[in-house]
K.L.:
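Got a structure for you, questions after.
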Number of protein chains: 2
Amino acid sequence: MATGSAAKKSEPEPLVILEQFLPYRLNVLAGLTSSALAQIYADRFGLSIPAWRVIVTLGQYEARTARDMAPDGVMHKSTVSRAVSALEKRGLVVRRPNLDDRREEWLALTPDGRAIYEAVAPEALAVEERLLSVLTPQEQKTLAALIDKLTRQARVLAPQSAEEGDS
Amino acid sequence: MATGSAAKKSEPEPLVILEQFLPYRLNVLAGLTSSALAQIYADRFGLSIPAWRVIVTLGQYEARTARDMAPDGVMHKSTVSRAVSALEKRGLVVRRPNLDDRREEWLALTPDGRAIYEAVAPEALAVEERLLSVLTPQEQKTLAALIDKLTRQARVLAPQSAEEGDS
DNA sequence: CACAATTCGTTGCACCGGCAACGAGATTCT
DNA sequence: AGAATCTCGTTGCCGGTGCAACGAATTGTG
């Protein structure tokens, strides 16, 4: 008790300073970067965030099942399901049955889908680069390492994941 | 062209590696920390993310208008409006008209609201601390600086903000 | 002073995403 | 083989949130 000068009536001291609170700052930053990215994939290509992730994943892996799309529970399976349906309807993704396990289906980009991928990806990378341009290469490495550490720890503290956000 | 070995038929190389893509990783991390925090303010106190932010802000500043609640456009004004309504209905926040400008109203915590604030805040800080416990004090300072730099830059790249996430 | 232009906050609308229940298919145990 | 259990993916439902239009109030301008 009796810290410093003020022991007045009801002079409530702030316990949390939002601007310095790590989770808050992480969310602001993540939100801003998402916003910057959305200009590309949403405004210019009509892709939702989950759709963008599906496109990128298929561009990266050639063929995956819907479940593989959410390795660590970052996206909900219902979210993936709806994103894939939308992409299929637009002719950007095709499904082929997996004969070994007929519960799941293989997903792949169509030529149109790949075309979009090849149009969006470089621009997304450009945004990332512009973001990182304010950091030195050394700082970038440090940042990556810190994010890794924190993510591992956050995965321990969070329930069983499934968050949502964007990329 | 002719990079390395493969110039096969249609051997599409991945352009973006999601797991290394900064915006993605930031969103995963932010989502996980939100998830960890939500255990506290949502599950235990029935607060939504915006409600939590309103409570913290009022705990910090004593009295603010609804508009002050979203300084940099982090929350939408409609989001704030609904959060305040909900909190008022629960008797955690009161409004008092601002006679100088009757378009806006002053918001403040009720005793009940402050009680909740004083119960939640320490726990939220504890989560933050557990998160940061995997970093040395030096790393924590570095992290804060990097987040600052990136946030400033992201604010330049993003349209005029308004993202959403949580704290 | 009157009239436009701006600002604060609310609300109807639509969309998005999580949850949980479900059906179809696979796996395991007896 | 048959029954219970588990897994993949879809879908109805609901709460949350952004958007845009709006009413009320204030500010600026002729």
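Proteins get letters first, then strands, A, B, ... in listed order; numbering begins at 1 in each. Not measured: the values here are computed from a predicted model.
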K.L.:
Heavy atoms under 4.0 Å, any strand shown: does Ser48(A) hit a base, just sugar-phosphate, or nothing?
P.N.:
nothing
K.L.:
Can you check the Leu107(B) CG to dC8(C) P distance for me, whole Å?
P.N.:
14 Å
K.L.:
In whole Å, what is the span from the CD atom of Glu105(B) to the P atom of dA24(D)?
P.N.:
15 Å
K.L.:
What residues form a salt bridge (Lys or Arg N to Asp or Glu O under 4.0 Å) with Lys77(B), not counting sequence neighbours?
P.N.:
none
K.L.:
Please state how far atom CG in Leu47(A) lies from atom P in dC16(C), giving the value in whole angstrom units.
P.N.:
12 Å
K.L.:
Specify the separation, in whole Å, of atom CZ of Arg64(A) and atom C1' of dG9(D).
P.N.:
17 Å
K.L.:
Mind checking what makes salt bridge (Lys or Arg N to Asp or Glu O under 4.0 Å) contact with Asp112(B), not counting sequence neighbours?
P.N.:
none
K.L.:
For Arg82(B), give me all partners under salt bridge (Lys or Arg N to Asp or Glu O under 4.0 Å), at least two apart in sequence or on another chain.
P.N.:
none
K.L.:
Give the residues of residues 80-104 of chain B touching DNA chain C, defined as any heavy atom closer than 4.0 Å, sorted by residue number.
P.N.:
Ser81(B), Arg82(B), Arg95(B), Arg103(B), Glu104(B)
K.L.:
Measure from the side-chain heavy atoms of Pro50(A) and tell me the nearest of dG18(C), dG17(C), dA20(D).
P.N.:
dG17(C)
K.L.:
Over how many whole Å does the gap from Trp52(B) atom CH2 to dT17(D) atom P extend?
P.N.:
16 Å
K.L.:
Taking only residues two or more places apart in sequence or in another chain, which ones pass salt bridge (Lys or Arg N to Asp or Glu O under 4.0 Å) with Glu88(A)?
P.N.:
Arg95(A)
K.L.:
Between Leu109(B) and Leu92(B), is the side-chain contact (heavy atoms from CB on, under 4.5 Å) condition met? List the steps.
P.N.:
CA-CA 6 Å; Leu109(B) 292 179; Leu92(B) 305 180; 5.6 Å; no
K.L.:
May I have all residue pairs that pass salt bridge (charged side-chain N to carboxylate O under 4.0 Å, His left out) and include part of residues 121-133 of chain B, sequence neighbours excluded?
P.N.:
Arg44(B)-Glu123(B)
K.L.:
Could you check how far NE2 of His76(B) sits from P of dT10(C), rounded to whole Å?
P.N.:
14 Å
K.L.:
In terms of relative ring orientation, are Trp52(B) and Tyr41(B) parallel, tilted or perpendicular, with 30° and 60° separating the classes?
P.N.:
parallel
K.L.:
Counting just side-chain N and O atoms, does Thr65(B) come under 4.0 Å of either OP1 or OP2 of dC8(C)?
P.N.:
no
K.L.:
In whole angstroms, how far is the P atom of dA24(C) from the CZ atom of Arg67(A)?
P.N.:
22 Å
K.L.:
Over how many whole Å does the gap from Lys77(B) atom NZ to dT7(C) atom C1' extend?
P.N.:
8 Å
